[in-house]
Amino acid sequence: MRILDDMLFPHPVLWSQNNGFRFGTFGFGEMIDVIESVDGVTIHLDMEFQNSDIERLSSEGRLGLGVKVQCEETYFNDVLPCIRGPFELRIVGRKLAGRWTLRAIAWLTGPVRLSDLKTMDAEFETGGPDLQPGTVIAIGDERTFFSGQEKHAPLESVFELVLDESLPVGRYSVSFEDDRIQLLAGHESHPIIAELRGTRQGRASLLNGVYLPVVQRILEEMKQPGADHSGKRWFRVLSAKLIERGISISGLDTLDAAQQLLKEPLQRMRAEE
Amino acid sequence: MTSRLKYVTTGTLADLRTKIKLNIERYLNGDFAEFSDLLDWNKETRFSIDVGLLAGLDATSGSEVEVSNSLLVWRSLSDLTPAAAREPRIWTRLSHVECLGFSRARWLKSTDEHSKAAKLVHTHFFGESVTRARDDHSIGRLWWNSYIASRVAAADPGVSVEDVLKVFLARADVRLSTIERPGILSRSRLALAMVRVLRDRPRLLGDEIGFREFMKTMNRQGGGQLFEVPAVTNEQIDDFVAKCADSV
């Protein structure tokens, strides 16, 4: 099942994205610990919910709880059973690679009369058919992770300074076409940048004066719906770093995200004084 | 006879990619034998390969050949993982050395015009992204066909990888709507139900418009249904898919 945030259900679902129930919460606690090893991935989670209907279904044994793990790159897409409270999930083998997601999910394991759900929204009170086993009754918000070496790569490893004689004096530009981002500089700019890279103060100035707008420009490019750079190393490294910081590409504020990726470059000016 | 699966270095991959036009004669009529013994072309993975099996690859096109070629590559690279199969350096080595002859005969035979050939090389010889490795690379796409089919077949001992391949490789548009859509084929129980139902309804597999309608109906009717949980039986999923198929 593909779960989209604007999805509508013909029955009440406890979910932060809709109003199926008047109150209550469902999902994983804030802390999710992911440990990667050669044998696979171990995930420490805490399944929490607060809603009297869901509590009752659970105590009556009519509620199934699971973790939906999905990785588009490896086609791994399973609902793995889990329990309420803290628990450990192990996914053995290299089944997760690149971007992958987790979502808490609850379903009915037996039939339930709609009228038995006392906390559902008024829109369902006009009635409807009984809910059948397998019906989704609660959904947690999606959490995104990244598996792979890319997230450990230094950010500077995706840049390459390239001389471009065609650029006007004092200008620089970027090219996204190769595995590394090419920072193109004209014959006057190139030695300036190269020289600044040689000192700590110079590097701090470069981060603020050149790399900050360049990273903003890259992030704008990554946001473009039609731009496919997924095969390029720079794209994978930056995607991994954004995911690690919990930043979604689609809705990101490029100025804020660029400062995070460059680890607050303005602060570095002071540190280098 | 198995040996270690090899890959080229990142530098070699970048070099080959920028020199496609320069090397076009090698792609069309020659080979890369003078480089293939260099260290940068011979990095070893922990995975195995049976190169002998790859000699059986058939360069003609068509659904049956795609199925048999996919099974051959699957047997040859039997312990490769999906995480490693995203790696263009592995696929680039295979299409430039062990499988150069097959890759050329399969994908470059339609042209001897250099500019067209260069585009085809770029598409079918590198596997630069996950989707390119899965859908375009001469060998990668065959491995991914079987890997995806194996995930589907694993849930039912009565269904083989070949059974799954015969359904989802029936026509190019069927592959496009299934194997190239992780959102659908990664859902093993739903995909398995599609195999069981479509095997008995060959008319749908032979009808492009009908198949498209079938997929649309499944999307429409299946929204919000969680087929993955134990509370839903295989019979219920088969019934859902059959109703979608029979409504077209």
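Atom set for the values below is all heavy atoms of this structure, side chains included, hydrogens, waters and symmetry mates excluded. Throughout, a chain's letter reflects where its sequence line sits, starting with A, and its residues are numbered from 1.
Between the CG atom of A:D78 and the OG atom of B:S186 there is a distance of 8.5 Å, given to the nearest 0.5 Å.
Neither the backbone nor the side chain of B:F126 comes within contact range of chain A; no heavy atoms are under 4.5 Å apart. Residue B:R134 touches chain A through its side chain alone, counting heavy-atom pairs closer than 4.5 Å. Looking at B:R151, only its side chain comes within 4.5 Å of chain A, counting heavy atoms on both sides. Heavy-atom distances place no part of A:R233 under 4.5 Å from chain B, backbone and side chain included. Residue contact with chain B, scored on non-hydrogen atoms closer than 4.5 Å, involves the backbone and the side chain of A:F76 alike.
Counted within 6.0 Å of NZ on A:K151, heavy atoms from surrounding residues, nucleotides or ligands total more than 12; the atom is thus considered enclosed. The local environment of CG in A:N19 is sparse, with at most 12 non-hydrogen atoms from other residues, nucleotides or ligands closer than 6.0 Å. Heavy-atom contacts from other residues, nucleotides or ligands closer than 6.0 Å to CD of A:Q149 number 12 or fewer.
Of all the heavy atoms in B:V229 and A:G134, the pair that sits closest is CG2-CA, 4.0 Å. Residues A:T74 and B:A83 come closest through the heavy atom pair CG2-N, 4.3 Å.
Between B:R17 and A:D178, none of the side-chain N atoms (NZ, or NE/NH1/NH2) sits under 4.0 Å from a carboxylate O, so this pair counts as no salt bridge.
Ranked by heavy-atom pairs shorter than 4.5 Å toward chain A, the options B:L13, B:T131, B:I148, B:T81 are led by B:I148. Contact tally against chain A (heavy-atom pairs below 4.5 Å) for B:A14, B:P182, B:S129, B:A133: the top residue is B:P182. Top candidate by heavy-atom pairs under 4.5 Å with chain B, chosen from A:T109, A:V13, A:D179, is A:D179.
The closest donor-acceptor contact from the side chain of A:Y75 to the backbone of B:R187 lies at 3.5 Å or more, if one exists at all.
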